[in-house]
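Here the structure is laid out as structure tokens; the discussion comes afterwards.
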Protein chains: 2
Amino acid sequence: MADVKSANPLFLREDELRQAIELLFFGYRDFTGDADRILAEYGFGRAHHRVIYFVGRHPGMPVSQLLAILRITKQSLSRVLGQLVAEGFVQQTRGTVDRRQRLLELTDKGRELERKLTEVQKQRIARAYREAGAEAVAGFRTVLRGLIDAPDRARFDDGEGAPSPPGRR
Amino acid sequence: MADVKSANPLFLREDELRQAIELLFFGYRDFTGDADRILAEYGFGRAHHRVIYFVGRHPGMPVSQLLAILRITKQSLSRVLGQLVAEGFVQQTRGTVDRRQRLLELTDKGRELERKLTEVQKQRIARAYREAGAEAVAGFRTVLRGLIDAPDRARFDDGEGAPSPPGRR
DNA sequence: CAGATATGTCAATATGGCTGACGTAAAATC
DNA sequence: GATTTTACGTCAGCCATATTGACATATCTG
């Protein structure tokens with residue numbers, strides 16, 4: 001089982017690749033489904049979740065960087081971020097080194113919601129990880145990382161979490 | 001490397017689980033990005049892709065079954081499916097055993113688009129698979145399958161492609 | 001025949017994207 | 001110090017995709 005280096009190994013067959021497409025479709029649908037249900041209770045959507053997640057992950061992040069990660073326009077972000085600020089989930093403070101910047105961070109209320117959302121997703125992943133075992137998990141990460149475009153792939157190299165450099169897209 | 005059965009193995013640590021969340025976010029975004037670009041040329045969106053994909057995969061599928069897979073309302077499907085039929089990508093024929101049913105299938109034009117869309121996605125997956133190797137691929141599939149809710153998980157067991165039984169949701 | 005089912009359609013609404021235009025404050029540059 | 005660039009915000013309008021609810025029609029089933 002170590003010499004699978006033929007020109008067209010089994011795992012590159014048509015139906016294997018198709019299966020991957022469907023695994024990603026169903027997997028992502030169910031993976032996001034957990035959080036969607038919680039968000040609905042708050043009148044929020046997936047867009048709010050992404051903001052809450054990344055702000056929670058990188059406290060003090062300026063708006064421009066959040067835009068770069070999410071790859072949406074500032075007008076689109078504005079509505080969502082505005083709601084989160086208005087309802088007290090996200091807090092904006094002026095930057096000290098560059099006073100034009102609005103640095104974003106979660107409030108206690110925001111952190112609580114972030115925790116709830118991340119919790120259900122972590123549980124789903126933990127269950128799948130546990131059932132699959134360490135080796136399968138390593139494979140999962142390798143393949144998924146390989147599906148990501150090079151610029152953002154670096155995010156999963158080293159310390160993981162380092163914001164990608166400007167001009168990545 | 002065979003006795004990782006402690007109460008809380010390394011791969012279940014907080015940061016490992018968080019990394020999985022981000023891998024899925026970035027991975028799915030880039031995975032769908034390829035097809036999105038092609039679809040835009042046709043004035044279609046992701047919704048059209050899903051219809052084309054599943055109809056192509058299961059020719060002769062009735063509308064009700066497509067609704068069950070996509071988990072959207074018939075009103076939502078109606079607009080998208082209507083466009084695809086109007087523009088000659090999908091063809092509807094009355095069922096013979098049950099004449100109330102509209103059985104869906106791709107036209108030649110539809111099959112051609114399906115092929116183009118699936119092709120770019122297969123290429124991305126094939127590259128990641130090739131770089132990762134057979135064992136990693138096996139792990140990827142095991143974990144991803146574990147992320148899927150039980151009803152649809154069966155889709156990836158046996159012959160794979162068997163439509164899930166009625167009442168799955 | 002009565003009722004359930006498969007499909008379609010009309011209308012109204014929400015969410016989350018987009019482009020374009022314009023404004024303001026602060027930093028950076030000449 | 002004046003000018004230009006940057007970071008951010010906002011107004012206005014558009015599009016795609018989803019929702020709920022109500023109703024219509026044809027067909028199947030008991």
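Residue numbering restarts at 1 for every chain, and letters A, B, ... go by the order of the sequence lines.
Side-chain nitrogen and oxygen atoms of B:Arg50 include at least one within less than 4.0 Å of the OP1 or OP2 phosphate oxygen of D:dA18. Between A:Gln101 and D:dT6 there is no side-chain N or O to OP1 or OP2 distance below 4.0 Å. Taking 4.0 angstrom as the limit, B:Ser64 places none of its side-chain polar atoms (N or O) nearer than this to OP1 or OP2 of C:dT5. Between B:Arg94 and C:dT7 there is no side-chain N or O to OP1 or OP2 distance below 4.0 Å. In terms of phosphate contacts, B:His48 brings a side-chain nitrogen or oxygen within less than 4.0 Å of OP1 or OP2 of D:dT17. Residue A:Ser78 places no side-chain N or O under 4.0 Å from the OP1 or OP2 atom of D:dG9. For A:Thr73, a side-chain nitrogen or oxygen approaches OP1 or OP2 of C:dC18 to under 4.0 Å.
If B:Asp98 and A:Gly95 are placed on DNA chain C by their nearest nucleotide, the residue sitting closer to the 5' end is B:Asp98. Positionally, the nearest nucleotide of DNA chain C for B:Leu103 lies more toward the 5' end than for the other of A:Gln83 and B:Leu103.
Taking atom CZ of B:Arg71 as the reference point, atom P of D:dT19 lies 12 Å away to the nearest angstrom. Summarising the geometry, the separation between CG on A:Leu70 and P on C:dC18 is reported as 10 Å, rounded to the nearest angstrom. B:Ile72 places its CD1 atom 12 Å from the P atom of D:dT20, with the value rounded to the nearest Å. We find that CZ of A:Arg46 is positioned 15 Å from C1' of C:dA14, with the value rounded to whole Å. Following rounding to the nearest Å, A:Leu77 (CG) and D:dC11 (P) show an atom-to-atom distance of 15 Å.
Scanning atom types as modelled, no donor and acceptor separated by under 3.5 angstrom connect the side chain of B:Arg102 and the base of C:dT7. Below the 3.5 angstrom threshold, one finds no donor paired with an acceptor across the side chain of B:Arg99 and the base of D:dT27. For A:Gln75 and D:dG13, a side-chain-to-base donor-acceptor distance below 3.5 Å is absent, hydrogens and geometry of angles not being considered.
Salt-bridge formation is not detected for the pair A:Arg153/B:Asp30: no Lys NZ or Arg NE/NH1/NH2 atom is positioned less than 4.0 Å from an Asp or Glu carboxylate oxygen. Remark: A:Arg18 engages A:Glu14 in a salt bridge, criterion side-chain N to carboxylate O under 4.0 Å.
The line from CZ of B:Arg141 to CD of A:Glu16 is 4.5 Å long, rounded to the nearest 0.5 Å.
Here the two rings, on A:Phe25 and B:Phe54, have centers that are under 6.0 Å apart.
As judged by a 4.0 angstrom heavy-atom cut-off over every strand, A:Arg79 is placed among the base-contacting residues.
The shortest side-chain heavy-atom distance between A:Arg102 and A:Thr93 does not fall under the 4.5 Å cut-off.
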